[in-house]
Amino acid sequence: MSDSLLEVRGLKVGFTLREGKVQAVDGITFQIPRGRVLGLVGESGCGKTVASKSLMRIEHPAVIEAGEILFHRTPSETVTVQQLDPTGQEVRALRWNEIAMIFQEPMTSFGPMHTIGSQIEEALMLHQDVSRKVATEKAIEALISVGMPRPAIVMKQYPHQLSGGMRQRAMIAMALCCHPSLLIADEPTTALDVTTEAQILELLKERQQALGMSILYITHNLAVIAQIADEIIVMYLGRIVEHSDVETLFLTPKHPYTRALLGSIPRVDQDPEGRLVAIEGTVPDPYTRPSGCPFHPRCPDCMPGLCDVKEPPNISLADGTTVNCFLYSEAELVTR
Ligand code: SF4
């Protein structure tokens with residue numbers, strides 16, 4: 001029996017390109033509990049989108065090289081996702097019905113040649129095997145559930161006729177129309193202004209609680225994740241460097257990378273003349289990963305001879321945080 005909806009164990013996903021091998025996801029392990037929101041944070045290129053696409057088997061052209069993805073359909077029925085044929089019936093039944101995804105820019109997710117209504121109806125007819133008439137009724141219900149104004153008119157409109165915020169509402173309606181138990185939201189508010197972003201976050205929170213679903217919320221923005229997540233994992237160069245509940249992470253960040261990310265967010269109580277902390281250096285070339293700890297070339301706490309030689313272990317601390325860094329030991333919670 002498990003109260004996790006999804007478990008990922010030691011997942012490795014890579015690309016083999018002409019220029020060389022890219023290890024986009026390098027042995028990550030995490031769980032998403034039922035009815036909870038897990039935030040996945042990291043800079044562009046850290047592997048968060050590739051990891052999340054693997055959960056639905058849409059990782060191509062990347063390849064899952066190792067690890068397990070276990071989707072617990074019920075506490076006693078588990079689907080071993082990494083073993084499914086990415087083009088087979090079983091994974092198609094899983095997608096949308098049980099795991100759905102919304103993307104950063106709905107303009108590129110909706111087909112430009114079809115109306116919003118026909119695209120939601122198509123998803124319903126394909127995944128729920130209902131008639132066109134029932135699909136139309138359910139599509140209108142789905143648009144109403146996300147607070148879409150004039151849903152009957154929106155059904156007949158094309159994506160380019162809607163504002164960014166309305167398009168994202170329509171995308172959420174389509175993702176939730178089959179009542180999935182897991183929603184993967186990949187930077188769903190990045191392309192929106194802050195007012196619309198706040199409305200979409202509020203909508204996702206309301207839908208998550210009303211439907212009791214779990215959300216994997218992916219973003220590069222820690223300020224956004226604070227508003228919606230219960231737990232947070234921080235990724236750097238394909239690895240999870242810190243995993244904690246949201247309050248612990250914001251109050252006592254442990255990994256130097258997490259501390260640097262938090263230090264780079266503007267705060268209302270900081271000196272208006274002061275400078276924001278920048279993370280030294282840039283993300284390394286993916287074809288030449290640093291030896292030892294992948295963060296060592298940018299880390300202010302790097303211990304030469306150790307961090308640049310050995311890979312740090314995952315340490316479980318007394319406050320529930322797991323951190324991948326030599327600064328900590330299992331025996332005690334080190335506060336910096
Ligand atoms: Fe920095 Fe060393 Fe910790 Fe890596 S292991 S984050 S280099 S202190």
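All ligand and atom numbering here is 1-based and tracks the order in the structure. Sequence positions, counted from 1, serve as the residue numbers for this chain. Keep in mind that the numbers below use all heavy atoms, side chains included, and drop hydrogens, waters and symmetry copies.
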Student: Going by the atom numbers of ligand 1, which of them fall below 4.0 Å from some non-hydrogen atom of C307?
Tutor: 2 (Fe), 5 (S), 7 (S), 8 (S)
Student: Is it possible for you to say whether L55 and V63 belong to one hydrophobic cluster, with membership spreading through side-chain heavy-atom contacts below 4.5 Å?
Tutor: no
Student: Could you tell me, atom by atom, which parts of ligand 1 come under 4.0 Å of a heavy atom of C293?
Tutor: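 Every atom of ligand 1 under 4.0 Å from some heavy atom of C293: 4 (Fe), 5 (S), 6 (S), 7 (S).
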Student: Can you give me the closest heavy-atom contact between S52 and M101, atom names plus distance?
Tutor: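 In this case the closest contact between S52 and M101 is OG-CE, 3.6 Å.
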Student: Where the closest heavy atom to atom 1 (Fe) of ligand 1 is concerned, which of C299, C302, P300 has it?
Tutor: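 Checking each option, the heavy atom nearest atom 1 (Fe) of ligand 1 is found in C299.
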Student: So, for M155 and L143, which heavy atoms are closest and what is the spacing to 0.1 Å?
Tutor: SD-CD1, 3.7 Å
Student: Do H72 and L5 come close enough that some side-chain heavy atom pair is under 4.5 Å?
Tutor: no
Student: Salt bridge or not between D26 and R239? Use side-chain N to carboxylate O under 4.0 Å.
Tutor: yes
Student: Give a yes or no on whether C325 keeps an N, O or S atom under 2.8 Å from atom 3 (Fe) of ligand 1.
Tutor: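 C325 does place an N, O or S atom closer than 2.8 Å to atom 3 (Fe) of ligand 1.
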Student: I'd like to check which ligand 1 atoms, numbered from 1 as shown, lie under 4.0 Å from a non-hydrogen atom of H296.
Tutor: 7 (S)
Student: Using a strict 4.0 Å cut-off to heavy atoms of F326, name the atoms of ligand 1 that fall inside it.
Tutor: 3 (Fe), 5 (S)
Student: Any idea how H160 and Y158 line up, ring-wise: parallel (<30°), tilted (30 to 60°), or perpendicular (>60°)?
Tutor: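 Rings of H160 and Y158: parallel, under 30°.
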Student: H255 heavy atoms, cut-off 4.0 Å: which ligand 1 atoms fall inside?
Tutor: 6 (S)
